[in-house]
Amino acid sequence: MLLSPRYGTGSLADVVPSVLSYLGVDAETDRLKLNLADARRVCVLMVDGLGAEQLAAHPEDAPFMTSHSSTPITAGFPTTTATSLSSFGTGLPTGEHGIVGYVVSLPAHKRPMNSLQWKLQGAASSDELPLDLVPEQFQPSPTAFERAVAAGVRVVHVGPSMQNGSGLTRASLRGAEFVSSMSIADVAAQTSAAFVDAGPTLVYAYHGELDLIGHVRGPTSLAWRLQLRHVDMLVESIASQLPDDGALLVVADHGMVQIEHRIDYDSISDLRTGVTQLGGEPRMRYLYTRSGATADVHDTWSNLVGDRFTVVTRDDAIDRGWFGPQVTEDAYSRIGDLLALAEDASAVIRSQAEKNASRLIGHHGSLTAAELLVPAIVVRGSGRKPDRVGAPR
């Protein structure tokens with residue numbers, strides 16, 4: 001069963017605007033009803049790959065997080081990191097910020113773009129991008145972080161050094177002071193350091209190892225559960241250092257599904273007929289079709305994979321509200337002519353063109369509950385003065 005994002009009332013795009021409403025940013029409102037009265041220093045911890053269903057299934061491995069009440073919110077669509085972090089960072093649904101998936105076709109370019117790595121497919125790096133792919137041009141709306149800084153809020157981004165100045169950070173998370181974290185413990189330490197000085201402060205902290213384990217070992221594996229224990233200790237460590245006017249909000253960019261059935265696009269010629277480019281990722285594919293071929297491709301895919309995938313046109317997906325109430329012209333041009341969304345534990349892989357991704361055990365991207373629902377756990381400060389463990393760099 002496919003669900004729909006709850007843009008405006010309960011989605012990842014509503015997190016930062018809701019927090020900022022308590023930090024003195026008059027233009028923002030608490031869309032999530034967080035009840036953070038008197039909070040002036042807030043950390044939002046983004047745990048990549050922590051679905052609400054996966055967390056609920058393992059309370060014994062996450063006793064601290066599951067001891068705090070949480071009403072799940074939704075990621076946006078597609079349920080993939082580049083899109084979700086863009087919704088989080090801008091406070092906008094997918095159709096407005098325009099970063100519409102992991103791999104997308106661009107009208108002005110022959111090669112598709114990898115939005116997470118921010119480079120054209122096959123390129124060695126993201127250097128010397130064409131003007132229309134420069135992050136600040138590709139996603140020109142002010143970020144929520146920029147709006148916060150303009151209103152006098154200190155914003156700190158704690159994450160791995162590779163995120164500092166990356167294309168995705170420049171596009172959707174720009175405006176914050178960047179502080180590199182060396183390890184999971186360092187995430188907690190640097191977050192605490194950012195809270196030493198009083199004043200309205202937002203810390204965005206990122207942890208990505210749970211997602212990596214989920215992809216490689218599977219979200220039902222022992223390795224995933226053991227990593228979840230480390231995440232739980234991270235959350236408890238940050239919570240233990242919160243000042244009396246502090247709060248911690250734990251969220252995620254998507255959940256994950258363990259794949260049981262693979263359909264190989266590269267070995268089934270009928271799937272390729274009429275398709276010029278295949279985008280998205282294994283559980284949510286964009287099909288870019290030849291002129292006049294969309295209807296035939298729709299029929300072919302519906303016949304071949306329709307028992308496992310929902311296949312819809314771009315306009316149908318927009319009408320269903322998957323991209324939000326508005327879709328800009330740029331966003332519209334990047335969405336596939338057709339979309340194929342997995343409903344069970346299936347994936348459309350590319351054994352030749354995407355060898356590494358095709359071997360992964362865990363995937364995400366579709367609109368099942370396991371992928372769309374993410375936690376929103378609130379922990380309030382205990383009044384302890386944060387330790388000065390090192391100034392942000």
Side-chain angles (χ1 to χ4, degrees), residues 76-78 80-87 89-90 92-143 146 165-174 265-266 271-282 284-298 301 312-319 322-340 348 350 352-354 357 365:
F77 176 72
T80 193
T81 299
T83 298
S84 287
L85 293 189
S86 295
S87 290
T90 62
L92 298 172
T94 310
E96 294 177 57
H97 63 64
I99 300 175
V100 301
Y102 177 61
V103 175
V104 297
S105 182
L106 305 172
H109 300 276
K110 293 181 179 180
R111 293 181 293 171
M113 174 183 174
N114 184 308
S115 300
L116 188 61
Q117 299 174 1
W118 210 270
K119 65 180 184 180
L120 292 174
Q121 201 168 64
S125 73
S126 59
D127 296 338
E128 299 181 3
L129 287 167
L131 182 61
D132 62 322
L133 299 189
V134 171
E136 295 82 0
Q137 300 293 326
F138 194 90
Q139 196 302 104
S141 297
T143 69
E146 288 176 315
S166 72
L168 186 61
T169 296
R170 288 170 55 191
S172 303
L173 300 165
R174 60 181 180 263
Y265 175 86
D266 288 345
L271 290 178
R272 303 194 301 274
T273 301
V275 179
T276 58
Q277 288 185 346
L278 186 72
E281 54 197 294
M284 201 301 296
R285 286 297 189 179
Y286 283 137
L287 314 179
Y288 301 93
T289 63
R290 292 192 179 92
S291 178
T294 301
D296 288 340
V297 174
H298 180 277
W301 275 67
V312 300
T313 65
R314 171 172 46 196
D315 288 341
D316 188 5
I318 291 171
D319 289 343
W322 291 346
F323 295 97
Q326 300 178 47
V327 176
T328 67
E329 183 177 343
D330 283 339
Y332 186 89
S333 71
R334 299 164 189 165
I335 299 168
D337 298 292
L338 295 170
L339 296 79
V348 172
R350 299 201 63 182
Q352 300 304 309
E354 300 170 357

>> Is it true that S172 and H97 share a donor-acceptor pair across their side chains at a distance under 3.5 Å?
In response: no
>> Rounded at 0.5 Å granularity, tell me how far CZ in R334 sits from CD1 in I99.
In response: 7.5 Å
>> Which residues pass the side-chain contact (heavy atoms from CB on, under 4.5 Å) test with D132, not counting sequence neighbours?
In response: A108, H109, P130
> For the atom pair CG (L106) and CE (M113), what is the distance rounded to the nearest 0.5 Å?
Replying inline: 6.5 Å
> Can you say whether the rings of F138 and W118 are parallel (under 30°), tilted (30 to 60°) or perpendicular (over 60°)?
Replying inline: perpendicular
> For E136, what residues pass the side-chain hydrogen bond (donor to acceptor under 3.5 Å, both in side chains) criterion, not counting sequence neighbours?
Replying inline: R170
>> With heavy-atom distances below 4.5 Å as the criterion, would you say the side chains of T94 and S87 are in contact?
In response: yes
> Passes side-chain contact (heavy atoms from CB on, under 4.5 Å), Y102 versus N114? Steps please.
Replying inline: CA-CA 6 Å; Y102 177 61; N114 184 308; 3.3 Å; yes
> Which pair of heavy atoms, one from A82 and one from G101, lies closest together, and at what distance?
Replying inline: CB-O, 4.5 Å
> Do the side chains of L133 and L120 get nearer than 4.5 Å, heavy atoms only?
Replying inline: yes
> Would T289 and T294 satisfy side chain to side chain donor-acceptor pair (under 3.5 Å), going step by step from the backbone distance to the final call?
Replying inline: CA-CA 6 Å; T289 63; T294 301; 2.7 Å; yes
> For the residue pair Q277 and S105, what are the closest heavy atoms and their distance?
Replying inline: OE1-OG, 2.6 Å
> What is the minimum heavy-atom distance between G98 and A331, and which atoms define it?
Replying inline: CA-CB, 3.9 Å
> Any side-chain heavy atom of K119 sitting closer than 4.5 Å to one from R111?
Replying inline: no
>> Quick check for you: to the nearest 0.5 Å, what is the distance between I335 atom CD1 and D330 atom CG?
In response: 11.0 Å
>> Distance alone, cut at 3.5 Å: any donor-acceptor contact between the side chains of S166 and T169?
In response: yes
> Which pair of non-hydrogen atoms, one from T273 and one from R290, has the smallest distance, and what is that distance?
Replying inline: C-NH1, 4.5 Å
> How long is the span from the CD atom in E281 to the OH atom in Y286, to the nearest 0.5 Å?
Replying inline: 9.5 Å
>> Could you go through T83 and V100, starting from their C-alpha distance and side-chain angles, then the distance that decides it, and tell me whether this counts as side-chain contact (heavy atoms from CB on, under 4.5 Å)?
In response: CA-CA 6 Å; T83 298; V100 301; 5.6 Å; no
> Going by heavy atoms in the side chains, are L287 and L278 under 4.5 Å from each other?
Replying inline: yes
>> To the closest 0.5 Å, what do you measure between CG (L85) and CG (L168)?
In response: 6.0 Å
> Going through the distances and angles, do W301 and L338 end up as a side-chain contact (heavy atoms from CB on, under 4.5 Å)?
Replying inline: CA-CA 10 Å; W301 275 67; L338 295 170; 5.8 Å; no
> Is the shortest heavy-atom distance from the side chain of V103 to the side chain of Q121 under 4.5 Å?
Replying inline: yes
>> Looking only at the side chains, is there a donor atom on one of S86 and Q139 sitting less than 3.5 Å from an acceptor on the other?
In response: no
>> Any non-hydrogen side-chain atom of T143 less than 4.5 Å from a side-chain atom of L173?
In response: no
> How far apart are the closest heavy atoms of D315 and Y332, and which atoms are they?
Replying inline: OD1-OH, 2.7 Å
> For the residue pair Y265 and R272, what are the closest heavy atoms and their distance?
Replying inline: O-NH1, 3.1 Å
>> Please evaluate residues S141 and L92 with respect to the criterion side-chain contact (heavy atoms from CB on, under 4.5 Å), reporting the C-alpha separation (whole Å), side-chain torsions for both, the decisive distance (0.1 Å), and the verdict.
In response: CA-CA 9 Å; S141 297; L92 298 172; 3.8 Å; yes
>> When you compare the side chain of L339 with that of F77, does any pair of heavy atoms fall below 4.5 Å?
In response: yes
